[in-house]
Amino acid sequence: MTGFSIGRRAFCAGLAGTMLARPAWGATDRLVAQKASVQLAPDGYPATPVWSYGGTIPGATIRMRQGDRLQRQLVNELDVPTSVHWHGIRIDNAMDGVAGLTQEAVRPGGTFDYDFTLPDAGTYWYHAHTNSMEQVARGLSGALIVEEADAPDVDRDEVLMLGDWLLDPDTGGFVEPFNHPMMMSHGGRTGNLVGVNGRYDFALTAKRHERLRLRLINSANARIFVLRLQGMRGWTVALDGMPLDGPEEVSDEIVLAPAQRADLIVDITADEGAPAGLLMWMDDDSWEALAEVKVSGQSATTPRPAPTALPPNPRTALPDLSEARSLDMVMEGGAMAGMESAMFEGERLGFRALIEKGQFWALAGQAGRTETPFADLALGEVLRIRLENRTAFPHGMHLHGMHFREVRADGSFGPLRDTILSVPDEPLEIAFTADNPGKWLFHCHMLAHAASGMTTWINVT
Ligand code: C2O
Ligand code: CU
């Protein structure tokens with residue numbers, strides 16, 4: 001282990017000036033899961049004991065270029081086993097970070113070498129995938145940005161990790177337990193403090209007519225962010241990392257389910273001192289500043305012309321539905337809708353018995369992950385899944401390893417996504433080509449739901 005403390009970074013520093021500005025990532029880069037104390041709540045409240053990557057909330061943003069090889073050694077300095085999932089990356093299955101499916105969880109004091117290439121540019125993130133309901137809520141997440149070879153012309157590129165924390169204001173600590181039945185059976189664990197990049201008072205400064213790229217990442221456990229732009233004109237250019245065919249002007253609310261991302265290009269239109277930024281919808285139907293942009297000065301006298309599309313990623317072909325396999329996935333359970341019974345660990349159990357086992361939800365009649373996958377696919381096969389939400393709650397359904405598209409009622413396709421919001425009583429269908437071999441989870445990203453039944457998997461061989 002000592003070899004890691006004086007690694008390539010120290011070496012590079014010694015050659016300062018002769019090296020490229022971009023650090024050369026090497027096998028010695030570590031991602032340390034560790035305890036830390038961070039001031040999440042406003043001044044005057046106690047600091048929060050968190051679990052973090054490298055001592056900060058969120059963990060350091062990892063910035064790479066498309067096609068790069070990412071190497072990180074996870075060092076587990078926590079008292080519990082953990083693992084890292086690289087959300088949205090079309091990754092080698094062995095590097096996907098799902099404890100018990102793609103790797104063994106890393107024990108306290110242990111390490112795991114993550115090593116994979118980044119085929120797609122875009123906005124991604126990394127987070128714990130061992131008991132994630134608790135570990136992500138305690139702070140184990142960070143942004144992973146993969147830059148295009150030909151990046152759009154903007155004045156600044158900003159990562160905004162939207163999150164929330166459920167804190168006890170008297171102690172600053174997280175409200176426990178993390179597996180409270182009320183959270184599991186309802187909307188999940190939503191925080192009482194909302195923020196961006198670990199700050200409840202996040203703010204940027206910008207000049208009028210400046211153009212920013214905002215990479216929004218919903219890293220919250222369960223909160224769906226509904227956002228509006230203020231003092232800015234914006235276009236959505238990518239969703240869940242994947243570029244849209246063309247920029248779509250933001251005219252309405254932006255809805256981000258847990259784990260979803262949106263890349264916006266925004267032009268500051270507000271005058272100096274006028275309010276600007278991202279507003280979020282509050283439960284009482286008001287709008288509050290989530291991320292403020294303080295406008296000072298002017299970068300040009302006129303706005304820029306509208307932005308152009310991002311360069312496309314490889315593998316964006318529409319799935320060929322003519323020979324697709326079609327499966328139904330009924331989503332059921334939770335408070336206010338209930339379910340009669342479901343299979344759990346090979347047995348059919350009634351709702352009461354399921355609850356005793358901590359299972360509140362089921363996908364296709366099955367609570368929790370099973371030995372056999374929901375679907376066993378041959379490489380290159382196309383799968384359509386019809387999701388029917390018979391619960392009383394929305395769910396952000398996430399597929400690992402591959403992006404999918406919504407198949408709309410009129411037969412047209414939606415954009416590539418890795419997470420889609422399913423709302424009660426509105427069936428929706430997704431389709432994808434199974435072009436990445438391995439064992440891939442499909443689960444709700446309201447992490448308390450995933451932990452209490454809403455997790456299944458797909459096998460591609
Ligand atoms: Cu971001 Cu299985 O999750
Ligand atoms: Cu859910």
Side-chain angles (χ1 to χ4, degrees), residues 58-59 82-91 93 95-103 105 122-137 140-144 161-163 183-190 217-224 240-241 256-261 329-337 339 359-364 367-369 374 387-404 417-424 426 428 438-458:
T82 192
S83 60
V84 183
H85 171 56
W86 310 87
H87 184 117
I89 301 293
R90 207 144 50 77
I91 203 168
N93 191 242
M95 297 290 131
D96 200 40
V98 181
L101 188 71
T102 66
Q103 70 169 92
T123 300
Y124 304 94
W125 62 304
Y126 59 97
H127 63 77
H129 217 303
T130 301
N131 186 17
S132 34
M133 165 176 67
E134 174 173 352
Q135 296 194 3
V136 176
L140 288 168
S141 68
L144 169 55
M161 285 210 60
L162 319 183
M183 295 174 192
M184 293 178 123
S185 60
H186 289 70
R189 183 183 173 95
T190 38
I217 303 171
N218 183 354
S219 67
N221 247 24
R223 180 181 296 273
I224 300 168
D240 296 350
L256 279 186
Q260 287 187 323
R261 288 89 66 212
M329 185 179 282
V330 172
M331 307 157 67
E332 53 185 339
M336 295 175 296
M339 62 177 161
Q359 303 297 310
F360 292 91
W361 311 88
L363 296 175
R369 177 146 54 87
F374 169 71
L387 289 164
E388 197 181 318
N389 183 346
R390 290 194 196 149
T391 78
F393 294 89
H395 304 282
M397 300 301 294
H398 168 49
L399 177 65
H400 285 216
M402 290 163 286
H403 278 61
F404 53 77
R417 303 223 62 149
D418 63 40
T419 306
I420 195 164
L421 187 62
S422 152
V423 297
E426 282 183 27
L428 81 98
K439 298 173 173 177
W440 303 111
L441 277 194
F442 185 59
H443 66 89
C444 178
H445 224 287
M446 275 78 170
L447 297 172
H449 295 172
S452 59
M454 283 201 149
T455 300
T456 186
W457 63 288
I458 284 164

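When a ligand or atom number is given, it counts from 1 through the structure's own listing order. Positions are given from 1 along the sequence.
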What's the atom name of the N, O or S in His443 nearest to atom 2 (Cu) of ligand 1?
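The His443 atom nearest to atom 2 (Cu) of ligand 1, restricting to N, O or S, is NE2.
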
Shortest non-hydrogen separation from Cys444 to Ala450 and the atoms involved:
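For Cys444 versus Ala450, the nearest heavy atoms are O-CB, 3.2 Å.
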
With side chains defined as the heavy atoms from C-beta onward, is the minimum distance between [X] and [Y] less than 4.5 Å?
X	Y	value
Asp418	His398	yes
Asn389	Glu426	no
Met454	Met446	no
His395	Trp361	yes

How many N, O or S atoms of the protein are nearer than 2.8 Å to the Cu ion (ligand 2)?
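For the Cu ion (ligand 2), the figure is 3.
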
Given the side-chain rings of His445 and Trp125, with only the six-membered ring counted for Trp, is the space between their centroids under 6.0 Å?
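That pair passes the under 6.0 Å test.
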
So, His443 versus His400, ring centres under 6.0 angstrom or not?
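Yes: the rings meet the under 6.0 Å criterion.
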
Applying the side-chain contact (heavy atoms from CB on, under 4.5 Å) test to Ser83, which of Leu101, Thr102, Asp96, Thr130 qualifies?
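Exactly one candidate clears the test, Thr130.
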
Distance below 2.8 Å from atom 1 (Cu) of ligand 1: protein N/O/S atoms:
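Less than 2.8 Å away from atom 1 (Cu) of ligand 1 sit His87 ND1, His127 NE2, His445 NE2.
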
Fit a plane to each ring of His127 and His85, take the angle between them on a 0 to 90° scale, and name the class: parallel (under 30°), tilted (30 to 60°) or perpendicular (over 60°).
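Plane angle over 60°, so perpendicular.
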
Can you measure from CE (Met329) to CG (Leu387) and round to the nearest 0.5 angstrom?
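That separation rounds to 6.5 Å.
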
